[in-house]
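Just below is one structure, and these are the notes that go with it.
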Amino acid sequence: MKLYRFLFVFCLLIAGNTIAQELDKQIIMTLDGEPVYASDFVRVYQKNLDLVQDESQKDVDEYLKLFIDYRLKLREAYEQGLDTTLKFQREFKTYRNQLARNFLTDNNVTEALVQEAYDRTVNEVNASHILIRVDQNATPEDTLKAYSKIKDIREKAVNGRSFETLAKTYSEDPSAKKNGGELGWFTALKMVYAFEEQAYTVPVGDVSEPFRTRFGYHILKVNDRRASAGEVEVAHIMVSQKPKDTVFNPKDRIEELYLKVKQGEDFGVLAKQFSDDRNSARREGKLDRFGSGKLNSEVFEKKAFSLTKAGQVTEPFETQYGWHIIKLIDRFPIPSFNEMRGELEKKVTKDSRANLISDALVASLKDHYSIGDFSEAKSFFSTYVTKDVKDGNWAISDNSTLDQPLFKLRDSVFKYRDFAKFIYNKQVNKGLSGDKNTAINNWLKEYVDGKVLAYHRDHLEQEDKEFSNIVSEYRDGLLLFDLMEMNIWNKAKKDTLGLKTYYETNKQNYLWDKRVNVTMAKVNNKADAKKVRNLMKKGVSEVDVKSQINSDESMTTLFSNGTFNVEDEVLPKKLKIKQGISKVFEEDNYYTVVNIKDVLPAGPKTFKEAKGTIVSDYQDYLEKNWIASLRTKYSVNINDDTVNLIKTKLED
């Protein structure tokens with residue numbers, strides 16, 4: 001799809017640069033009379049410089065042509081009103097909110113939490129817990145009841161009662177009836193932060209004090225701690241669940257290959273020859289090293305981590321992808337902090353500990369916006385709000401003070417009356433427990449913190465230039481995607497007549513290379529290969545050949561069928577392309593015999609066979625003509641002086 005190419009040329013990553021700032025007011029061109037600033041061009045040019053593979057596009061003049069096309073498309077998107085559609089507005093709002101989260105953080109607190117997460121990641125914890133459920137908004141009576149119950153259970157555990165028995169008897173976690181509350185081994189960022197905090201701070205063998213999460217009250221017993229398993233590097237052979245070759249059963253094939261490994265045959269050679277994971281097969285089955293939780297198959301991970309010595313091989317096992325054999329190449333300890341920093345930071349900012357980051361951010365924003373204390377407001381509301389608030393029956397009464405400013409955020413004013421409405425809604429929804437004035441002070445903090453954070457989030461474009469630039473490019477990217485989808489991509493897919501006309505005009509571009517339909521026998525010794533060839537020449541079936549050559553103790557011969565390009569690497573390099581049984585070829589310590597059943601000559605592909613490529617080419621054709629029409633529709637005037645200034649700045 002052309003989206004990839006578009007995002008490649010105009011990717012949405014951004015880095016500030018001084019040249020763009022220097023050219024902030026310089027106009028590089030006008031498009032239908034509207035100015036386009038040099039800073040916009042330079043920012044896009046510089047950030048994409050290392051991504052552009054076509055050297056000619058690194059030339060300012062050549063890149064300017066791409067930039068003009070980009071701005072023409074953007075102008076057309078607004079002309080078609082794509083920025084007003086509900087689909088665009090919904091997607092843009094989602095993107096903006098996601099992006100804003102990256103700018104609503106306190107870096108110092110984040111760094112400390114990232115370091116803590118790393119320090120915990122290097123160790124795994126085995127723990128058990130008991131849960132007594134209580135809703136976050138439960139009444140004080142229900143909360144106290146739950147707390148008293150968990151406290152009593154802890155006393156029993158501390159005094160020697162079996163934690164497992166207590167969990168099965170009292171825990172309101174449904175799984176406890178079977179597992180006795182045991183959670184198994186886990187590491188940092190796998191549990192809510194309050195739970196993790198107890199798991200990593202309570203001594204091994206001890207039971208924690210009761211603590212609360214959104215699920216209720218817990219006690220936790222730390223059964224053990226150990227160093228994390230780190231990462232492993234393995235090679236594997238995979239037989240797909242849906243093999244192209246229907247002659248064999250996947251489970252039978254993997255058992256045959258496993259037998260060959262046990263016989264001492266080279267694992268890497270077998271992987272190259274027979275593994276259906278072609279990406280790793282080219283590397284003798286080797287996968288990039290990985291740690292726990294990194295793959296999409298827990299079964300595969302467990303098998304890989306069960307291997308302890310280099311060279312050790314698993315027995316055949318099944319995953320959702322097929323049947324596998326794994327060979328251990330090496331094991332690695334936990335990566336360094338710097339290697340894991342980026343991954344950990346993403347997880348920390350999405351974890352429950354993000355509340356700590358938010359609190360630190362709000363404190364710094366209050367300083368930024370010069371938010372003072374609220375002693376006068378606290379004094380006023382302590383008398384203005386009556387005890388009826390405890391029962392949720394307090395009502396706002398007329399008072400001139402309510403029209404006074406409580407605080408300001410730039411040009412936005414929040415009045416006493418606004419906070420009074422906040423209190424009213426709070427007590428109506430939840431009522432009040434505890435001391436009235438303490439509750440009002442907590443509500444005031446909650447109200448102010450929320451307004452400060454919301455204001456900063458809503459005005460990030462004005463407060464942060466980097467955020468403004470990124471949001472602008474997100475907006476442009478979404479608009480251009482919708483524009484291209486509507487005017488080019490979908491049109492090309494649905495225009496059946498246009499596609500067929502384009503195909504008929506350009507048939508010479510859609511050709512098959514010469515191909516062969518073959519049956520191949522792979523044999524691991526020359527003597528058996530000669531026997532296989534003789535049997536194949538006599539017309540003996542594959543099943544009968546295998547029954548005569550192979551045995552339960554020795555698996556020497558495997559067959560494969562398919563149609564291949566004559567240059568395909570699967571075929572022997574010196575194979576003569578003609579019908580019949582080939583000679584025996586020796587490659588990669590294997591002997592191959594090929595039965596060429598049919599030679600398919602080079603020739604034109606049918607429309608159906610080439611449709612995917614035709615659609616892509618037709619999209620290019622439509623886009624080229626469409627861009628030409630946009631250049632006619634909209635006037636573009638280049639400011640040569642500014643272009644020359646840009647060249648000078650970039651050369652400095």
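Given the structure is predicted, the values throughout are model-derived calculations rather than measurements.
- Looking at S171, its side chain does come within 3.5 Å of a backbone N or O of L131 through a donor-acceptor pair.
- Across V348 and R353, no two heavy atoms sit closer than the pair O-CG, 3.8 Å.
- Distance check: D351 CG to M191 CE gives 12.0 Å after rounding to the nearest 0.5 Å.
- Side-chain atoms of Q427 come within 3.5 Å of backbone N or O of N393 as a donor-acceptor pair.
- Judged purely by atom type and a 3.5 angstrom limit, R225 uses its side chain to pair as donor or acceptor with the backbone of A199.
- Annotation: side chain of L86 is in contact with side chain of Q89 (closest heavy-atom distance under 4.5 Å).
- E446 has its side chain within reach of F422: a pair of non-hydrogen atoms, C-beta onward, lies under 4.5 Å apart.
- Here the closest heavy-atom approach between residue T30 and residue I27 is recorded as CG2-CG2, 4.4 Å.
- Using bins of under 30°, 30° to 60° and over 60° for the plane-to-plane angle, the ring pair F215/H218 lands in the perpendicular bin.
- Side-chain contact between V36 and F41 is absent, with no heavy-atom pair separated by less than 4.5 Å.
- In this model, a donor atom of one side chain and an acceptor atom of the other lie less than 3.5 Å apart for Y70 and D476.
- Nearest heavy-atom pair across Y447 and L406 is CE2-CD2, 3.9 Å.
- Atoms CZ and OG1, from R161 and T169 in turn, are 7.0 Å apart once rounded to the nearest 0.5 Å.
- When only modelled atom types and interatomic distance are considered, Q98 and Y474 share no side-chain donor-acceptor pair under 3.5 Å.
- Summarising the geometry of S468 relative to E461, their closest heavy-atom pair is CB-O, 3.5 Å, with the distance given to 0.1 Å.
- Residues T143 and R212 form a side-chain contact, since some pair of their non-hydrogen atoms from C-beta on lies under 4.5 Å apart.
- S128 places no side-chain N or O within donor-acceptor distance of the main-chain N or O of K221, the cut-off being under 3.5 Å.
- For K177, the NZ atom is densely surrounded, since the number of other residues' heavy atoms within 6.0 Å is greater than 12.
- Taking OH of Y170 as the reference point, atom CG of D152 lies at 7.0 Å (rounded to 0.5 Å).
- Considering only heavy atoms from C-beta on, I130 comes within 4.5 Å of F163 through its side chain.
- Using cut-offs of 30° and 60° on the angle between ring planes, the pair F290 and F300 is tilted.
- The nearest pair of heavy atoms linking V222 to P203 is CB-O, 3.9 Å.
- Counting heavy atoms of neighbouring residues, nucleotides and ligands inside a 6.0 Å radius, atom NZ of K87 exceeds 12 of them.
- For the pair T383 (side chain) and F380 (backbone), a donor-acceptor distance under 3.5 Å is present.
- Under the 3.5 Å distance criterion, with hydrogens and angles disregarded, no donor-acceptor pair is assigned to the side chains of D224 and N126.
- In this structure, R154 contributes its side chain and V207 its backbone to a donor-acceptor pair below 3.5 Å.
- No side-chain heavy atom of F414 sits under 4.5 Å from any side-chain heavy atom of V448.
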Would Y200 and E116 count as a side-chain contact (heavy atoms from CB on, under 4.5 Å) here? Give the steps.
CA-CA 11 Å; Y200 277 92; E116 178 188 72; over 6 Å; no
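- Side-chain contact, E463 with H368: a donor N or O sits under 3.5 Å from an acceptor N or O.
- Checked by atom type and distance alone, the side chain of D418 pairs as donor or acceptor with a backbone atom of K415 at under 3.5 Å.
- In this structure, E339 contributes its side chain and S336 its backbone to a donor-acceptor pair below 3.5 Å.
- Using a distance-only test at 3.5 Å, with no hydrogens or angles considered, a donor-acceptor pair links the side chain of S148 to the main chain of L144.
- A salt bridge links E79 with R75: the distance from a Lys NZ or Arg NE/NH1/NH2 to an Asp or Glu carboxylate oxygen falls below 4.0 Å.
- Interatomic distance, CG of L31 versus OH of Y634, reported as 8.5 Å (0.5 Å rounding).
- The backbone N or O of V192 lies less than 3.5 Å from no partner atom in the side chain of S352, so there is not a single donor-acceptor pair.
- Residue Y384 is tested with Y424, Y416, W394 for a ring pair (Phe, Tyr, Trp, His ring centres under 6.0 Å); the sole match is W394.
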side-chain contact (heavy atoms from CB on, under 4.5 Å) evaluation trace for E196 with R120:
CA-CA 9 Å; E196 177 191 308; R120 291 175 175 178; 2.8 Å; yes
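- The 12-atom threshold is exceeded at OH of Y369, counting heavy atoms of other residues, nucleotides or ligands nearer than 6.0 Å.
- Shortest non-hydrogen contact noted between L104 and L453 is CD2-CD1, 4.5 Å.
- At least one side-chain heavy atom of W443 sits under 4.5 Å from a side-chain heavy atom of V389.
- Q115 and D119 share a side-chain donor-acceptor pair at under 3.5 Å.
- A side-chain donor from one of S175 and D173 sits under 3.5 Å from a side-chain acceptor of the other.
- Interatomic distance, N442 CG to N437 CG, rounded to the nearest 0.5 Å: 11.0 Å.
- Under the 4.0 Å criterion applied to side-chain N and carboxylate O atoms, D449 and K445 are assigned as salt-bridge partners.
- Put simply, NZ on K149 and CD on E172 are 4.5 Å apart, with the number rounded to the nearest 0.5 Å.
- Under a cut-off of 6.0 angstrom, the local environment of CD in E376 is sparse, with at most 12 non-hydrogen atoms contributed by other residues, nucleotides or ligands.
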